[in-house]
Asker: 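Got a structure for you, questions after.
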Amino acid sequence: MDSIRELLAREQAGGEVTVRGWLRTARHAKKMSFLEVNDGSCLSGLQLVADSTCDGWEGVVRDLSTGCAIEAVGQLVDSPGQGQRYEVHAQRVELVGGVDDDYPLQKKRHSFEFLRTIAHLRSRTNTLGAVLRVRDEAARAIHDFFYQEGFIQLHAPVITLSDAEGAGEMFRVSSLDPADCPRTEAGTTDWSADFFGAPTYLTVSGQLEAEIAALSHRRVYTFGPTFRAENSNTSRHLAEFWMVEPEVAFCELNGLAALAEEFLKSVFGRVRDRCEEDLAFFNQRIDDQVLSTLSHVIEEPFGRITYAEAVQILQESGQEFDFPVEWGVDLQSEHERFLTEEYFGRPLIVTDYPRGIKAFYMYLNDDGRTVGAMDVLVPRIGEIIGGSQREHRLDVLRDRLAEQSLPEEHYWWYLDLRRYGSVPHAGFGLGFERLVQFMTGMTNIRDVIPFPRVPGNAGF
RNA sequence: UCCCCGGUAGCUCAGCUGGUAGAGCAGGCGGCUGUUAACCGCCUUGUCGUAGGUUCAAGUCCUACCCGGGGAGCCA
């Protein structure tokens, strides 16, 4: 049995083929029926043409409608009609699974909001089908890029003891019965009686574990689900999302920025090459900037400025911003978008942020006021990558922990890494769904992951 | 969490200054054509988000809540 993708890619027509899939439309005329079958292997469907000589004409073909699962055998021929190169003259059509007449997917366009309520069926639509293929290709491209660059993949734990960077609410993991859990003498929950003997949470980042592996295997990455219990209701946030986190030993900030740029160019190039049809669809139906934006990322060098330069550009821009800009405050969405969309018009790497607005583990620069942090900003999405050179000097790291009132005992093993063969190292995090959003032009992040988890909704 | 906008048929929406609900699509039946989100005719479908309130009368006005969308914050 061939996939429709393979059949449509054939050099020439001819021969008997078997097709299995789901009907997008069934157009019935008096003497013949046209059945458009899709099997998810590509955006295009395959047109089956059946007439009264077809086995199954009465009792099957004439009763088919949108959504039916079928299997058909016939001859692959050049299509005389417009809109497709080949079609199949069906000799036999079997109904594998019929549909009740309340099948919710129509031939007409649905809103993405409605499709989210039928997440079990929406992957059969053009747009979500294309998203799943692009997402798959991007994931493979990421693994292949790191493989070729000599990285090994680290499987970071999903259940962790403590917060990676003191940022973000975490989901608690517990096997205790909330209605009847053991209490301490003070009356609070006795977590020492819980499954792990301590409070545990779903991970918010694999970074700290990746640092461990980088300090033995030099170039490593993680690619897995991460979790944030933030009450974020936006088109760019999920409670469960997939994050890519490379970590490189013997590497400083410049090397990391170069890696980030090379990484994005490679992954985007691969998806452009292999998802041509899907990307053309997104460009036509979702956002007509998709293809030109991809080319920008692949072909043009990224802009590179320091935070201080960014502040100066913003202050001298003459733009009215809702939030004023001055050295020491974090850049707002509107600032990031102005820089990458209007001022540079291409992806942009901003480095060396004030120490006060960044995490404790970031490398303290010689000026004493900035850290070796790096954000990659892209048009329409804003920050897509955040990373930094890590603080590898034990004494400085201890000062930074104390500065942010973080208890050393929670980070005992993280500090150990600085005591035993510490080396300069750096890494970044990439939100995988935001990458897919950027590549497809989809405006809502809930539509680039098959089963989105957001506040108040974990259905399907 | 905050600010705006919205919730009317299975879907997408219309419904003016309050007067008792409608179009396209989907679905059913019939017709027709190498058709392309096919087309033509007929038919079916509603606690007008929920709960209160104002009024002779509420889809329409008021209040609260729920849900959805856009933006912001947090961030990836």
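Every heavy atom of this structure was used, including side-chain atoms; hydrogens, water molecules and symmetry mates were not. Chain letters run A, B, ... following the sequence lines, proteins first, then strands; residues in each count from 1. Please read all numbers here as calculations on a predicted model, not as lab measurements.
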Asker: What one-letter contact string describes nucleotides 64-71 of chain B from 5' to 3', where B marks a base within less than 4.0 Å of any protein heavy atom, S marks contact via sugar-phosphate atoms alone, and - marks no contact?
Answerer: ----SSSB

Asker: Would you tabulate the nitrogen or oxygen pairs shorter than 3.5 Å linking the protein to nucleotides 3-10 of chain B?
Answerer:
unit_1 : atom_1 : unit_2 : atom_2 : d
B:G10  : N2     : A:Q106 : OE1    : 2.2

Asker: Sticking with atom C1', work out how far B:G30 lies from B:G34, rounded to a whole angstrom.
Answerer: 22 Å

Asker: How far does the C1' atom of B:C43 sit from the matching atom of B:U47, given to the nearest Å?
Answerer: 24 Å

Asker: May I ask you to say what A:Q437 touches in the nucleic acid, namely base, sugar-phosphate or nothing, with a heavy-atom cut-off under 4.0 Å?
Answerer: nothing

Asker: Taking B:A21 as the reference, what is the distance to B:C25 when you measure between their P atoms (whole Å, please)?
Answerer: 23 Å

Asker: Taking the P atom of each, how far is B:C65 from B:C3, in whole Å?
Answerer: 11 Å

Asker: For A:E6 and A:S3, indicate whether the former's side chain and the latter's backbone hold a donor-acceptor pair under 3.5 Å.
Answerer: yes

Asker: Between A:D352 and A:K358, does any side-chain N to carboxylate O distance fall below 4.0 Å?
Answerer: no

Asker: Does A:E391 use its side chain to pair, donor to acceptor, with the backbone of A:Y363 at less than 3.5 Å?
Answerer: no

Asker: With centres under 5.5 Å and planes under 30° as the test, does A:F241 stack with B:A76?
Answerer: yes

Asker: Please state how far atom CG in A:D330 lies from atom P in B:A72, giving the value in whole angstrom units.
Answerer: 15 Å

Asker: For the pair A:E71 and A:R20, find out whether any cationic side-chain nitrogen is under 4.0 Å from an anionic carboxylate oxygen.
Answerer: yes

Asker: Is the distance between the ring centroids of A:H335 and A:F323 under 6.0 Å?
Answerer: no

Asker: So that I can tick it off, tell me whether A:D39 and A:R5 are bridged by a salt bridge, with the cut-off set at under 4.0 angstrom between side-chain N and carboxylate O.
Answerer: no

Asker: Take atom P in B:U60 and the same atom in B:U20, then report the distance between them in whole Å.
Answerer: 14 Å

Asker: For atom P, what is the distance between B:G6 and B:G49, given to the nearest Å?
Answerer: 13 Å

Asker: With a cut-off of less than 4.0 Å, is there a side-chain N or O of A:S111 near OP1 or OP2 of B:U12?
Answerer: yes

Asker: By nearest atom, which of the nucleotides B:C75, B:A72, B:U1 is closest to the A:N231 side chain?
Answerer: B:U1

Asker: What is the pairing partner of B:A14, taking Watson-Crick or G-U wobble pairs with both distances under 3.5 Å in any strand?
Answerer: none

Asker: State which of B:A72, B:U36, B:A37 makes the closest approach to the side chain of A:Q47.
Answerer: B:U36

Asker: Applying a 4.0 Å non-hydrogen cut-off, can you work out what A:E383 is touching in the nucleic acid: base, sugar-phosphate, or nothing?
Answerer: sugar-phosphate

Asker: Please report the distance separating the C1' of B:G69 from the corresponding atom of B:C13, rounded so that it comes out in whole Å.
Answerer: 16 Å

Asker: Taking any heavy-atom pair under 4.0 Å as a contact, classify A:S33: base, sugar-phosphate, or nothing.
Answerer: nothing

Asker: For A:Q84, report the nucleic acid contact type (base, sugar-phosphate, nothing); a contact means any heavy atom under 4.0 Å.
Answerer: base

Asker: Would you mind telling me which residue lines up with the more 5' stretch of RNA chain B, A:S232 or A:R109, judged by nearest nucleotide?
Answerer: A:R109

Asker: Strictly by Watson-Crick or wobble contacts shorter than 3.5 Å, is anything paired with B:G6, and which nucleotide is it?
Answerer: B:C67

Asker: Could you state the atom-to-atom distance from CD of A:E336 to C1' of B:A72 in whole Å?
Answerer: 13 Å

Asker: Is the A:F145-A:F263 ring centre distance short of 6.0 angstrom?
Answerer: yes

Asker: Which nucleotide, in any strand shown, forms a Watson-Crick or G-U wobble pair with B:G27, with both distances under 3.5 Å?
Answerer: B:C43

Asker: Please report, rounded to the nearest Å, how far the P atom of B:A76 is from the CD atom of A:E433.
Answerer: 14 Å

Asker: How would you label the contact of A:T25 with the nucleic acid (heavy atoms, under 4.0 Å): base, sugar-phosphate, or nothing?
Answerer: sugar-phosphate

Asker: Please name all residues satisfying ring-ring contact (aromatic ring centres under 6.0 Å, His included) with A:F460, sequence neighbours left out, ordered by chain then number.
Answerer: A:H120

Asker: Salt-bridged, A:K265 to A:E262, with N to O below 4.0 Å?
Answerer: no

Asker: In whole Å, what separates the P atom of B:A26 from that of B:C40?
Answerer: 10 Å

Asker: Step through it carefully: locate the ring centre of A:Y414, locate the ring centre of A:Y361, and say whether they are under 6.0 Å apart.
Answerer: no

Asker: Indicate, with a heavy-atom threshold strictly under 4.0 Å, whether A:G81 touches base, sugar-phosphate, or nothing.
Answerer: base

Asker: Within this structure, what is the CG-to-C1' distance between A:D101 and B:C25, rounded to whole angstrom?
Answerer: 15 Å

Asker: Checking A:H28 side chain against A:L64 main chain: does a donor-acceptor pair fall under 3.5 Å?
Answerer: yes

Asker: Does a side-chain N or O of A:R27 approach OP1 or OP2 of B:U35 to a distance below 4.0 Å, or not?
Answerer: no

Asker: What is the distance, to the nearest angstrom, from the CZ atom on A:R24 to the P atom on B:U36?
Answerer: 18 Å

Asker: Are A:F432 and A:F223 an aromatic pair, judged by ring center distance below 6.0 Å?
Answerer: yes

Asker: Can you tell me the distance, in whole Å, between the CE atom of A:M32 and the P atom of B:U36?
Answerer: 13 Å

Asker: Quick one: are A:R140 and A:I142 in side-chain contact, heavy atoms under 4.5 Å?
Answerer: no

Asker: Who is the Watson-Crick or G-U wobble partner of B:U20, with both distances under 3.5 Å?
Answerer: none

Asker: Have a look at A:H110 and say if it touches a base, only the backbone sugar-phosphate, or nothing, with a 4.0 Å heavy-atom cut-off.
Answerer: sugar-phosphate

Asker: Considering every strand shown, what is the Watson-Crick or G-U wobble mate of B:A72 when both distances are under 3.5 Å?
Answerer: B:U1

Asker: Across all strands, who's sitting opposite B:C61 as a Watson-Crick or G-U wobble pair, both distances under 3.5 Å?
Answerer: B:G53

Asker: Roughly, in whole Å, what's the span from CG in A:D322 to P in B:G73?
Answerer: 9 Å

Asker: A:I384 has an atom CD1; how far is it from atom P of B:C75, in whole Å?
Answerer: 18 Å

